[in-house]
Every structure is written in C-alpha cells, then in structure tokens.
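Reckoned from all heavy atoms, side chains included, excluding hydrogens, waters and symmetry mates. Residue numbers start at 1 and run along the sequence shown. This one's a predicted model, so the numbers in the text were calculated from it and none came from an experiment.
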Amino acid sequence: FALSNLAQIYLTLNRLEDALHYANLSLQRNPENKYSIVAKSYALFKQNKRQQSIEILEDIQKKHPEDAYIISKLGFLYVWNNKEESAIKLLKRGIEFSPDSSDFYYALGDIYNRIGNEKEARDYYKKASSLNPGDTRAKNAVLLNQLEGQKPENTVEQLQKLLSLEAYKDDHILHLK
C-alpha cells in the first residue's frame, strides 16, 4: 500500500509524473490495486488524457461491478467529462449494490444540481443526509439548494428558518446563530 499511498499523495500535490510513476510501480506488484488504478486514472485525466483515464476505470469497474469506491471515482470522471447521464446511470446502479452509501446519494444530488434539476438534487441530498447525519456536505447542499433564487432580503430569514431545523442544531461548521 505504500506505493499507492505515494501515488495518491503526489496526485494531491499535482505532481502528475511522480503520481504516475508510483502508481505504475504499485501496479507492477499488484495489477488489481484499485487505489493505484484510480491514482493513475486521475493523473492521466489531469494530463488531459481523458478518454484513457475513463477507459482505465471502466475496465476495472467491469471486473468489480459492485465496488463502491470504483463506482464513485468513475462517476466523478463521467461528470468532469460532461457525461452526466452516464454518471447518473452508474451511481444509481451503485445504490443498488450499496443502498446505505450516502456518497452515492450526495454525488447524485451534485449531478442533478449541476444539470438544473433542483428537486431531484434536493431529494438526493436529503437522502444522503438521512443516511449520514454527521456529514455536513449534504445538509449544506440542501441549504444552498433551497436558498437558490431567493431575493437577497429573504435569504437571511430563510436561512434562519432552515438552520432552526433539528439537523443543524449542533452544526458547528456553519457557526451561525
């Protein structure tokens, strides 16, 4: 795992050649290491080798169709390549395999929000929040989704109402009173 960890660290640092080097070294030892495969795919994506990056994850996803990590990473690649319908289809299939994974619901909320379907986005964010109440990403996304399009003078009042919900009672990240 040390080599795949190095690949991921270098990817985070945007040192793409180093990320690819360590991902490839890791894959020489263990060709099925999904973390190295994802690091390699994402490094290629950042080098604008987008189709190759998608093909790498599609290949491993075919071998491991129920792997939530691979499904979510491939879903993000689809979104980043403006293939939202492919991402939606994949992530919904992911929910079939892992119905309790809040990440799939959150990602679907993001996609629906991106394509302008606020109702679907809100529904998926709410489901993600119900599955993982401690994750503020979904709660904040619901909040922002509900404030979208509000007149500036109504936003503070609406925000206060939303924050009075039980789900926000102990949310120390927003620091709002």
**Report entry** Heavy-atom pair with the smallest gap, counting every atom of S102 and L131
**Finding:** CB-CB, 4.0 Å
Query raised in the report: Would a 4.5 Å heavy-atom cut-off, applied to side chains only, mark K46 and L11 as touching?
Result: yes
Query raised in the report: Is any side-chain N of the basic residue among D123 and K127 closer than 4.0 Å to the acidic one's carboxylate O?
Result: no
Query raised in the report: Would a 4.5 Å heavy-atom cut-off, applied to side chains only, mark Y125 and L108 as touching?
Result: no
Query - Set of side chain to side chain contact (heavy atoms under 4.5 Å, CB included) partners for K89, sequence neighbours left out - result: none
Report summary line: To the nearest 0.5 Å, atom CD1 of I54 lies from atom CG of L44 at 11.5 Å
Requested in this report: Could you grab the distance from atom CD1 of I111 to atom OH of Y106, nearest 0.5 Å is fine?
Outcome: 11.5 Å
**Report entry** Straight-line distance of L74 CG to L91 CG, nearest 0.5 Å
**Finding:** 8.5 Å
Query raised in the report: Does any non-hydrogen side-chain atom of I115 lie less than 4.5 Å from one of I88?
Result: yes
Report task. Identify the two heavy atoms, one from G109 and one from A121, that lie closest to each other, and give their separation to 0.1 Å. Result -> O-CB, 3.3 Å
Query raised in the report: Between N132 and Y105, is any side-chain donor less than 3.5 angstrom from a side-chain acceptor?
Result: no
Query - Side chain to side chain, N81 and F45, heavy atoms closer than 4.5 Å - result: yes
Requested in this report: Test side-chain contact (heavy atoms from CB on, under 4.5 Å) on E17 and Q47 and set out the steps.
Outcome: CA-CA 9 Å; E17 292 302 322; Q47 291 179 331; 2.7 Å; yes
Report task. List for me each residue that meets side-chain hydrogen bond (donor to acceptor under 3.5 Å, both in side chains) alongside E96, sequence neighbours excluded, and say none if there are none. Result -> none
Report summary line: Distance col, row S26:OG vs H21:NE2, nearest 0.5 angstrom, shows 11.5 Å
Report summary line: Residue pairs meeting salt bridge (charged side-chain N to carboxylate O under 4.0 Å, His left out), one or both in residues 52-70, sequence neighbours left out, come to E32-K63, K34-D67
Query raised in the report: Which distance, rounded to the nearest 0.5 Å, do you find between the NZ of K73 and the CD1 of I37?
Result: 14.0 Å
Query - Side chain to side chain, K40 and L20, heavy atoms closer than 4.5 Å - result: yes
Query - Note, I95 side chain near S101 side chain (heavy atom, < 4.5 Å) - result: no
Query raised in the report: Does one side chain, of R114 or N82, offer a donor that lies under 3.5 Å from an acceptor on the other?
Result: yes
Query raised in the report: Does the side-chain contact (heavy atoms from CB on, under 4.5 Å) test come out yes or no for Y78 and E84, once each step is laid out?
Result: CA-CA 6 Å; Y78 284 150; E84 286 86 359; over 6 Å; no
Query - Aromatic ring proximity, centroids under 6.0 angstrom, Y22 and Y10 - result: yes
Requested in this report: Taking the side chain as every heavy atom from C-beta outward, state whether S36 and L27 have any pair of such atoms under 4.5 Å apart.
Outcome: yes
Query raised in the report: Please walk me through it: do Y42 and F76 pass ring-ring contact (aromatic ring centres under 6.0 Å, His included)?
Result: CA-CA 10 Å; Y42 275 39; F76 284 121; 7.8 Å; no
Query raised in the report: Between the side chain of S41 and the main-chain N/O of V38, is any donor-acceptor distance below 3.5 Å?
Result: no
Query - Pairwise distance CG(L25) to CG(N33) - rounded to 0.5 angstrom - result: 12.0 Å
Query raised in the report: Side chains of S98 and F104: does their closest heavy-atom pair fall under 4.5 Å?
Result: yes
Requested in this report: Specify whether Y112 and Y124 have parallel, tilted or perpendicular ring planes, treating 30° as the upper limit for parallel and 60° as the lower limit for perpendicular.
Outcome: parallel
